[in-house]
Peer 1: 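So that we are looking at the same thing, I have put the structure below in structure tokens.
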Amino acid sequence: MAALSAPSAVRIALASAAQGPAATPAAAGLAGKDARLIARSVRPPDFETPVALLDTFITPNEQFYVRSHMPPPTGVDGAAWKLVVAGEVDAPLSLSLADLGQFPEASVTVTLECAGNGRSFFDPPVAGIQWEKGAVGTARWTGVRLADVLRKAGVKPSSTVVTMNGGDQPVGTMPDFVRQLPIGKAMHADTLIAHTMNGQPLPAAHGFPLRMIVPGWEGAYAVKWLHEIRALSKEFDGFWVATGYRYPVKRVAPGAAVDAADLTPLTGLVVKSLITKPLTGSAVAPGAIDVAGFAWAGDSPIARVEISTDSGASWKLARLTGERVPYAWRRFEYRFDARKAETLTIMSRATDVGGRTQPAIAQWNPSGYLWNQPDTIRVEVKS
Ligand SMILES: Nc1nc2c(c(=O)[nH]1)N[C@H]1C(S)=C(S)[C@@H](COP(=O)(O)O)O[C@H]1N2
Ligand SMILES: [Mo]
């Protein structure tokens with residue numbers, strides 16, 4: 001997953017090996033998941049949400065994508081779960097779920113996206129899970145503020161980072177899933193230890209009983225099955241921080257190897273959009289055609305979305321509709337007239353308030369992160 005050089009076709013073939021007809025969420029041990037989710041891997045379970053199921057502001061838990069690097073823990077007993085808070089603190093804690101009830105409750109609606117979403121569209125191809133468009137979803141998360149828990153533990157001024165340890169067990173040589181947050185983001189009032197997803201206890205696949213929610217940042221900060229928080233006075237050197245989830249500090253030629261010294265941790269998501277209707281490949285009758293979807297840019301609000309109905313030759317502003325919620329995707333809608341029978345290429349291109357726009361060609365990088373070209377669909381106009 002942390003390949004620093006251009007991958008071989010063989011490794012890509014292995015990563016996306018044929019899954020066969022039994023590649024369903026049920027076969028992967030994911031209880032309650034929609035059978036229409038697309039399997040990218042069964043063991044461990046990596047399932048993508050089809051675009052057809054992403055047309056609502058909130059993504060239902062049953063349809064939310066699943067990304068797990070290793071087998072999820074099974075048979076977790078919430079009543080016995082402990083969250084340990086240790087390291088550079090005056091008073092280490094071991095908190096049960098009931099203990100967490102002493103902290104004020106907080107909620108945040110967040111669009112969660114895997115850094116590798118869209119990886120399959122990079123040219124040249126990059127090894128790793130070959131996500132297309134649906135390793136993204138939006139949920140309302142409820143829990144307690146990490147800052148409140150750290151303050152209760154008496155986090156020392158010497159702390160510069162906080163590690164977050166997930167309770168999944170690595171297989172073979174895979175390192176334990178431990179991620180790191182800079183102290184500033186850890187103490188941000190919107191950074192949560194969540195126990196609830198869309199009003200339900202976290203489903204097993206999404207981290208029951210506790211997970212991190214780090215609004216606006218790529219999905220791998222949202223550590224599932226959270227069981228230990230540790231304040232440190234220096235950078236953590238585990239694999240998932242020191243090697244994984246790193247991005248070049250300067251532009252690289254597509255396919256080129258990158259020196260480890262020129263890679264830095266990913267943080268925020270980039271500006272992006274997704275057309276959720278009409279669906280690509282569908283046929284529409286001549287007349288008024290309604291295009292809609294969502295645009296997001298991590299913690300940066302969306303300023304505008306433009307639509308092209310002529311393969312990107314010209315662009316028109318879409319209407320931003322629906323709720324404007326920090327960290328969550330924004331609905332866009334656009335109506336146009338299609339008069340003659342033809343195949344149309346429709347594209348969406350978002351720009352955030354900071355002036356960042358989706359690029360015509362996404363910046364290639366060795367791990368295939370942050371693909372964000374304008375979304376492109378094809379529909380056939382026919383009567
Ligand atoms: N413990 C643990 N937490 C994890 C992961 C994991 O493999 N183990 N995967 C991360 C990644 S890469 C992503 S994109 C999100 C996905 O969250 P979801 O499965 O709830 O959609 O969880 C993150 N948290
Ligand atoms: Mo991810």
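Position 1 is the first residue of the sequence, and the numbers go up from there.
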Peer 1: Ignoring hydrogens and geometry, is there a side-chain-to-backbone donor-acceptor pair from Gln358 to Thr351 under 3.5 Å?
Peer 2: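 Between the backbone of Thr351 and the side chain of Gln358 there is no qualifying donor-acceptor contact (under 3.5 Å).
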Peer 1: Is there a path of hydrophobic side-chain contacts, each under 4.5 Å between heavy atoms of I/L/V/M/F/W/Y residues, joining Leu54 to Leu279?
Peer 2: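 Result: yes, single cluster for both.
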Peer 1: My understanding is that only residues two or more places apart in sequence, or in another chain, count here; which of them pass side chain to side chain donor-acceptor pair (under 3.5 Å) with His206?
Peer 2: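 Applying side chain to side chain donor-acceptor pair (under 3.5 Å) to His206 gives Lys33.
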Peer 1: Are any non-hydrogen side-chain atoms of Phe236 and Val178 less than 4.5 angstrom apart?
Peer 2: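 Yes. Closest side-chain heavy atoms under 4.5 Å.
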Peer 1: I need the full list of salt bridge (charged side-chain N to carboxylate O under 4.0 Å, His left out) pairs touching residues 131-141, with sequence neighbours left out, sorted by first then second residue.
Peer 2: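 Qualifying pairs: Arg40-Glu132, Lys133-Asp375.
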Peer 1: With sequence neighbours left out, what residues match Ser120 under side chain to side chain donor-acceptor pair (under 3.5 Å)?
Peer 2: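 Applying side chain to side chain donor-acceptor pair (under 3.5 Å) to Ser120 gives none.
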Peer 1: Just checking Lys156: does its NZ atom have more than 12 heavy atoms from other residues, nucleotides or ligands closer to it than 6.0 angstrom?
Peer 2: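 Yes, enclosed.
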Peer 1: Going by the rule side chain to side chain donor-acceptor pair (under 3.5 Å), which residues pair with Thr160 if we only count those two or more places apart in sequence or in a different chain?
Peer 2: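 None.
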Peer 1: Between Asp337 (side chain) and Arg339 (backbone), is there a donor-acceptor pair under 3.5 Å?
Peer 2: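 Judged by distance alone, no pair lies under 3.5 Å.
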Peer 1: Give the intermediate values and the outcome of side-chain hydrogen bond (donor to acceptor under 3.5 Å, both in side chains) for residues Ser158 and Glu88.
Peer 2: CA-CA 7 Å; Ser158 52; Glu88 298 283 306; 2.6 Å; yes
Peer 1: Could you check whether any side-chain N or O of Glu48 sits under 3.5 Å from a backbone N or O of Asp46, counting only pairs where one atom can act as donor and the other as acceptor?
Peer 2: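 Pair absent, no side-chain N/O of Glu48 close to backbone of Asp46.
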Peer 1: Which pairs pass ring pair (Phe, Tyr, Trp, His ring centres under 6.0 Å) with one or both residues in residues 259-305, sequence neighbours excluded?
Peer 2: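 Qualifying pairs, neighbours excluded: Phe294-Trp329, Trp296-Trp329.
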Peer 1: Which residues, ordered by chain and number, are linked to Trp315 in its hydrophobic cluster, where ILVMFWY side chains connect at heavy-atom gaps below 4.5 Å, directly or through other members?
Peer 2: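 Hydrophobic cluster check, Trp315: joined to Met347.
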Peer 1: Please tell me if the side chains of Thr357 and Arg349 come closer than 4.5 Å, counting only heavy atoms from C-beta onward.
Peer 2: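 Result yes, sub-4.5 Å side-chain heavy-atom pair found.
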Peer 1: Between Ser159 and Val161 (side chain of the first, backbone of the second, donor and acceptor by atom type, cut-off under 3.5 Å), is there such a pair?
Peer 2: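 No, Ser159 side chain to Val161 backbone: no donor-acceptor pair under 3.5 Å.
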Peer 1: Using the six-membered ring wherever Trp is involved, compare the ring planes of Trp81 and His227 and label them parallel, tilted or perpendicular (cut-offs 30° and 60°).
Peer 2: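 If you compare the ring of Trp81 with that of His227, the planes turn out perpendicular.
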Peer 1: Between Thr59 (side chain only) and Phe64 (backbone N and O only), is there a donor and an acceptor less than 3.5 Å apart?
Peer 2: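 Absent.
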Peer 1: Just by distance, do the side chain of Lys224 and the backbone of Arg67 share a donor-acceptor pair under 3.5 Å?
Peer 2: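 Pair found, side chain donor or acceptor close to backbone of Arg67.
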Peer 1: Enter the distance from Arg378:CZ to Thr280:OG1 here, rounded to the nearest 0.5 Å.
Peer 2: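 Interatomic distance, Arg378 CZ to Thr280 OG1, rounded to 0.5 Å: 7.0 Å.
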Peer 1: First locate atom OG1 of Thr343, then atom NZ of Lys382, and finally report the distance between them rounded to the nearest 0.5 Å.
Peer 2: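 If I round to the nearest 0.5 Å, the distance is 9.0 Å.
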Peer 1: Rounded to the nearest 0.5 Å, how far apart are CG of Leu274 and CD of Glu113?
Peer 2: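 Nearest 0.5 Å value for the CG-CD distance: 9.5 Å.
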Peer 1: Using side chain to side chain contact (heavy atoms under 4.5 Å, CB included), reason through Asn165 and Asp176 one step at a time and then give a plain yes or no.
Peer 2: CA-CA 8 Å; Asn165 198 336; Asp176 193 12; 3.2 Å; yes
Peer 1: Starting from the C-alpha separation in whole Å, work towards a yes-or-no answer on side chain to side chain contact (heavy atoms under 4.5 Å, CB included) for Phe47 and Thr24.
Peer 2: CA-CA 9 Å; Phe47 284 81; Thr24 60; 5.6 Å; no
Peer 1: Under the salt bridge (charged side-chain N to carboxylate O under 4.0 Å, His left out) rule, what pairs show up with a residue in residues 238-254, not counting sequence neighbours?
Peer 2: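 Residue pairs with at least one partner in residues 238-254: Lys250-Asp262.
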Peer 1: With ring pair (Phe, Tyr, Trp, His ring centres under 6.0 Å) as the rule and sequence neighbours excluded, what pairs involving residues 260-293 come up?
Peer 2: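 Residue pairs passing ring pair (Phe, Tyr, Trp, His ring centres under 6.0 Å), neighbours aside: none found.
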Peer 1: Considering only heavy atoms from C-beta outward, does the side chain of Arg230 approach that of Val84 to under 4.5 Å?
Peer 2: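 No, their side chains stay 4.5 Å or more apart.
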Peer 1: Can you check whether Lys82 reaches Ser96 side chain to side chain, under 4.5 Å on heavy atoms?
Peer 2: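 They are in contact (side-chain heavy atoms under 4.5 Å apart), so the answer is yes.
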Peer 1: Find the distance between CG (Leu181) and NE2 (His188) and round it off to the nearest 0.5 Å.
Peer 2: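 It comes to 12.0 Å.
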Peer 1: Rounded at 0.5 Å granularity, tell me how far CZ in Phe103 sits from CG in Asp148.
Peer 2: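 If I round to the nearest 0.5 Å, the distance is 7.0 Å.
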Peer 1: Which ILVMFWY residues are connected to Phe332, directly or by a chain of links, through side-chain heavy atoms under 4.5 Å apart?
Peer 2: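 Val271, Ile275, Val284, Ile289, Val291, Ile302, Val305, Ile307, Leu320, Tyr334, Phe336, Leu344, Ile346, Ile377, Val379, Val381, all in the cluster of Phe332.
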Peer 1: Would you check if Thr243 and Trp240 make a side-chain contact, meaning some heavy-atom pair closer than 4.5 Å?
Peer 2: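 Sidechains of Trp240 and Thr243: no contact.
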Peer 1: If you group Ile, Leu, Val, Met, Phe, Trp and Tyr by side-chain heavy-atom gaps below 4.5 Å, do Ile213 and Ile183 land in one group?
Peer 2: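 Per the 4.5 Å side-chain linkage, Ile213 and Ile183 are co-clustered.
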Peer 1: Between Arg335 and Glu333, does at least one N-O distance fall below 4.0 Å, as a salt bridge requires?
Peer 2: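 Between Glu333 and Arg335 there is no salt bridge, as every charged N stays at least 4.0 Å from the carboxylate O atoms.
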Peer 1: Ser300: what forms a side chain to side chain donor-acceptor pair (under 3.5 Å) with it, not counting sequence neighbours?
Peer 2: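 Partners of Ser300 by the side chain to side chain donor-acceptor pair (under 3.5 Å) criterion, ordered by chain and then number, come out as Asp352.
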Peer 1: For Leu53 and Arg36, run side chain to side chain contact (heavy atoms under 4.5 Å, CB included): C-alpha distance rounded to whole Å, both residues' side-chain angles, the deciding distance at 0.1 Å, then the answer.
Peer 2: CA-CA 9 Å; Leu53 301 182; Arg36 292 168 290 182; 3.7 Å; yes
Peer 1: Backbone N or O of Lys316 within a donor-acceptor pair of the Glu306 side chain at under 3.5 Å?
Peer 2: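 Not at all, since once roles are kept as given, no pair shorter than 3.5 Å links the two residues.
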Peer 1: Would you kindly confirm whether Val258 and Val249 end up in one hydrophobic cluster when ILVMFWY residues are joined by side chain heavy atoms under 4.5 Å apart?
Peer 2: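 No, Val258 does not connect to Val249 through the hydrophobic network.
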Peer 1: Any side-chain heavy atom of Met197 sitting closer than 4.5 Å to one from Pro203?
Peer 2: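 Answer yes - side chains close enough.
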Peer 1: Taking atom types as modelled, find out whether Gln373 and Lys272 have a side-chain donor-acceptor pair closer than 3.5 angstrom.
Peer 2: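 There is no such pair (donor and acceptor under 3.5 Å, judged by atom type) between the side chains of Gln373 and Lys272.
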Peer 1: Is any side-chain heavy atom of Ile193 closer than 4.5 Å to a side-chain heavy atom of Leu83?
Peer 2: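 Contact flag for Ile193/Leu83 side chains = yes.
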Peer 1: Which pairs pass salt bridge (charged side-chain N to carboxylate O under 4.0 Å, His left out) with one or both residues in residues 183-197, sequence neighbours excluded?
Peer 2: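 As it turns out, there is no salt bridge (charged side-chain N to carboxylate O under 4.0 Å, His left out) pair with a partner in residues 183-197 once direct neighbours are skipped.
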Peer 1: Between the side chains of Thr196 and Thr142, does any donor sit under 3.5 Å from an acceptor?
Peer 2: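 No, because no side-chain N or O of Thr196 sits under 3.5 Å from a partner of the opposite role on Thr142.
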Peer 1: Donor-acceptor check, side chain of Thr191 to backbone of Ala186, threshold 3.5 angstrom: yes or no?
Peer 2: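 Pair absent, no side-chain N/O of Thr191 close to backbone of Ala186.
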Peer 1: Measure the shortest side-chain to side-chain distance between Thr163 and Arg179 over non-hydrogen atoms and say whether it is less than 4.5 angstrom.
Peer 2: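 A side-chain contact is absent here, since even the closest heavy-atom pair is not under 4.5 Å.
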Peer 1: Relative to each other, are the rings of His69 and Tyr245 parallel, tilted or perpendicular (30° and 60° limits)?
Peer 2: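 Because their plane-to-plane angle is over 60°, the rings of His69 and Tyr245 count as perpendicular.
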Peer 1: Test Met164 against Tyr221 for side chain to side chain contact (heavy atoms under 4.5 Å, CB included), laying out the working first.
Peer 2: CA-CA 8 Å; Met164 309 170 286; Tyr221 285 95; 4.1 Å; yes
Peer 1: Show me the pairs that pass salt bridge (charged side-chain N to carboxylate O under 4.0 Å, His left out) and involve residues 94-105, at least two apart or across chains.
Peer 2: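 Not a single pair qualifies under salt bridge (charged side-chain N to carboxylate O under 4.0 Å, His left out).
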Peer 1: For the backbone of Tyr369 and the side chain of Ser367, can you confirm whether one donor and one acceptor N or O come within less than 3.5 Å of each other?
Peer 2: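 Here the side-chain-to-backbone pair does not exist.
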Peer 1: Please check: side-chain N/O of Arg119 versus main-chain N/O of Trp131, any donor-acceptor pairing under 3.5 Å?
Peer 2: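 Judged by distance alone, no pair lies under 3.5 Å.
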Peer 1: Quick one: OG1 on Thr74 to CG on Asp168, what's the gap to the nearest 0.5 Å?
Peer 2: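 So the OG1 of Thr74 and the CG of Asp168 are separated by 11.5 Å.
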Peer 1: Taking atom types as modelled, is there a side-chain donor on Thr111 or Thr138 under 3.5 Å from an acceptor on the other?
Peer 2: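 Looking only at side-chain atoms, Thr138 and Thr111 do form a donor-acceptor pair, the distance falling under 3.5 Å.
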Peer 1: Could you check whether Asp55 pairs with Arg331 (Lys NZ or Arg NE/NH1/NH2 to Asp/Glu carboxylate O, under 4.0 Å)?
Peer 2: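 The answer is yes: the pair qualifies as a salt bridge.
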